[in-house]
Participant: 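Quick one: this structure, given as structure tokens, is what I'll be asking you about.
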Amino acid sequence: MAELLPLKAWRYHEKFLGQMDSLISPLFDVVTDRQRRKLYANPINSIHLSLPKGPQAGLGARKTLDEWKKKGVIVQDHVPGIYVYYQYFKSTDRNKQVCRKGFIAHLKLEEWENQVVLRHENTNPYGVAEREEILEKTQIQASPTFGLYEDPDFVLEPFFDEAMADPIYDLEDYQGVREVLAVIHDAKIIKKVIRFMKDKQILIADGHHRYSAALDYSHKRGKEAPALGKINSYDYHEMYFCNSASEALKIYPNHRVFSGLGVDANEVLNKVSPFFDSKEVEDQEDLEDIINNKRHAFGLVFKNRAFILSLKPSWQEIGHLKNLSPSLKNLDVYLMHHFLIQEGLGIPLELQSKSEVIKYERHSSKCFLALLRGELELAVVMPGISVGEVFEVCRSGEMLPQKSTYFYPKVVSGLLFGSIDPDDFEFPYEVFLC
């Protein structure tokens, strides 16, 4: 079962209310070098806790955190609550403004095998260790892990809408997204939310490394038995929960780009010809529309040429794939990694996540520009993937290939900070344990 608790968040002092747009930051794994330089120049920007720099980053973040607390840069809310988090943005497929609604609370960490928390991709050990080191030193989380739950009847939404009548923050972020945060302190409503979430599975959309780091740290601290009648604060993790039924939940594809292969268009087409039918197209800008209207189709783009690759029906007769899990057998992103990257380009599946020749780009226009500049050899334009497909893969126990999803918009860092310091769990949490 999913066990939630409210949190007594640390937040920027109200004197910084008018500066919040300059204090939030992108997630550590999407922030660009240019953004980093600008954000690091602000001594109280949240990036100093979410992505501290220097050889001893964790210790540096701890020093920053202590200084901010001492000077009152951030202060802790006195009453525990769940934080309602809305993001307003323009949907590209509907050409209208939509609102992705969710809330932030603490989730009790669960082992993967319990199937309470589901993952859809593997993690990089170095990335997990880096996140764990920062968590261990600071005991704080600057950005929540993004989790999905299923609520087709939108039971919780009225509580959230009511809270939004009196928001804490209302600002525009680096994506051009309107970020609005409110809080629910009413214990009765919080208990209703916690009870409703009790039988839910939580699918991690973004934040596999942060969750894995918290889980590893919990294991490390596991020998420290909590005092009688107490809970172990290290067993909890700050998470943003979003209803998977929301029309505002957007997953965009991550296109694959390649450099350093030493191949040309004719060579690649020849290598993939046993598996794909190819058709040259005049305008590469049409590729996304075409592949989204076809089954098992991808765009293959070179500097001056572009093709539609359609998987041949005969692939289903290949012996070692006949018994492939149904959740993967019809999944475009898996089939592309198998037939195009492994069989066509010669990069084995098990080596692809570590390969230096494969990169990822959400915007196809940036792929095309990089190709024209000679910065890339080729790009694979990907179709989208649905939330249902992600859930299906997770529940089957399989994993998606790396970077199969790009959930948009990204959650930002710095709206609040969730602490796992035992002192910050000094509130009557037993009231909320259902």
Side-chain angles (χ1 to χ4, degrees), residues 4 6-7 9 11-12 17-18 20-27 30 46 81-105 107 143-186 189-190 192-194 196-197 200 202-207 238-253 362-363 384-388 390-391 405-416 418:
L4 274 63
L7 66 152
R11 295 189 291 110
Y12 282 103
L17 184 62
M20 282 302 299
D21 59 343
S22 66
L23 300 179
I24 59 173
S25 59
L27 295 177
V30 298
S46 57
I82 61 174
Y83 294 79
V84 183
Y85 182 23
Y86 283 9
Q87 292 177 294
Y88 295 85
F89 62 100
K90 191 171 184 179
S91 174
T92 56
D93 56 344
R94 295 176 181 269
N95 198 34
K96 68 173 185 178
Q97 188 182 69
V98 294
C99 176
R100 191 174 73 192
K101 302 179 178 183
F103 69 99
I104 299 172
L107 172 72
S143 52
T145 294
F146 181 178
L148 302 177
Y149 66 94
E150 293 176 305
D151 176 16
D153 296 321
F154 297 89
V155 171
L156 298 181
E157 210 164 277
F159 302 127
F160 303 156
D161 288 342
E162 183 178 355
M164 275 296 167
D166 184 24
I168 301 170
Y169 303 133
D170 190 337
L171 56 104
E172 184 177 303
D173 73 7
Y174 71 99
Q175 308 164 99
V177 172
R178 181 184 168 202
E179 305 271 350
V180 189
L181 188 78
V183 64
I184 297 174
H185 285 140
D186 188 320
I189 295 177
I190 293 173
K192 288 180 180 179
V193 174
I194 290 174
F196 179 82
M197 294 293 293
K200 302 299 180 184
I202 309 301
L203 187 154
I204 294 182
D206 270 337
E238 182 192 12
M239 184 165 283
Y240 160 64
F241 300 91
C242 177
N243 185 0
S244 65
S246 170
E247 70 165 7
L249 182 63
K250 300 299 175 186
I251 309 179
Y252 295 125
R362 184 172 81 82
H363 301 282
I385 184 171
S386 71
V387 177
V390 179
F391 264 105
T405 60
Y406 189 103
F407 285 87
Y408 180 86
K410 292 295 182 183
V411 173
V412 298
S413 300
L415 288 176
L416 55 82

Participant: Does Tyr86 form a side-chain hydrogen bond (donor to acceptor under 3.5 Å, both in side chains) with Asp161? I'd like the steps, not just the answer.
Facilitator: CA-CA 9 Å; Tyr86 283 9; Asp161 288 342; 2.6 Å; yes
Participant: Do you know which two heavy atoms are closest between Leu7 and Ala105, and how far apart they sit?
Facilitator: CD2-CA, 3.6 Å
Participant: Is the backbone of Val177 close enough, under 3.5 Å, to the side chain of Gln87 for a donor and an acceptor to pair up by distance?
Facilitator: no
Participant: Any salt bridge (Lys or Arg N to Asp or Glu O under 4.0 Å) pairs touching residues 166-178, not counting sequence neighbours?
Facilitator: Asp170-Arg178
Participant: Tell me if a side-chain donor or acceptor on Asp151 pairs with a main-chain N or O of Asn243 at a distance below 3.5 Å.
Facilitator: no
Participant: Please check: side-chain N/O of Ser413 versus main-chain N/O of Ile24, any donor-acceptor pairing under 3.5 Å?
Facilitator: no
Participant: Got a sec, which residues hit salt bridge (Lys or Arg N to Asp or Glu O under 4.0 Å) with Lys200, two or more places apart in sequence or on another chain?
Facilitator: none
Participant: Counting C-beta onward and ignoring hydrogens, is there a side-chain heavy-atom pair between Val30 and Tyr174 closer than 4.5 Å?
Facilitator: yes
Participant: Is Tyr149 close to Leu156 at the side-chain level, that is, under 4.5 Å between some pair of heavy atoms?
Facilitator: yes
Participant: Could you check if a side-chain atom of Cys242 sits within less than 4.5 angstrom of a side-chain atom of Leu249, using non-hydrogen atoms only?
Facilitator: yes
Participant: Considering only heavy atoms from C-beta outward, does the side chain of Pro409 approach that of Arg100 to under 4.5 Å?
Facilitator: yes
Participant: What's the shortest heavy-atom distance between Met239 and Ile202, and which atoms?
Facilitator: SD-CG2, 3.6 Å
Participant: Have a look at Tyr240 and tell me which of Tyr83, Phe407, Tyr85 forms a ring pair (Phe, Tyr, Trp, His ring centres under 6.0 Å) with it.
Facilitator: Tyr85
Participant: Under 4.5 Å between any side-chain heavy atoms of Phe89 and Lys250, yes or no?
Facilitator: yes
Participant: Would you say CD of Glu162 has more than 12 non-hydrogen atoms from neighbouring residues, nucleotides or ligands within 6.0 angstrom?
Facilitator: no
Participant: Where does the angle between the aromatic ring planes of Tyr408 and Tyr252 fall among parallel (under 30°), tilted (30 to 60°) and perpendicular (over 60°)?
Facilitator: tilted
Participant: Minimum heavy-atom separation for Leu107 and Leu4, please, with both atom names.
Facilitator: CD1-CD1, 3.6 Å
Participant: Check the angle between the aromatic planes of Phe160 and Phe103 and answer parallel, tilted or perpendicular using the 30° and 60° thresholds.
Facilitator: tilted
Participant: Looking only at atom types and distance, does a side-chain atom of Asp153 sit under 3.5 Å from a main-chain N or O of Val155, one as donor and one as acceptor?
Facilitator: no
Participant: How close do Lys410 and Glu179 get, counting heavy atoms only, and between which atoms?
Facilitator: O-OE2, 4.2 Å
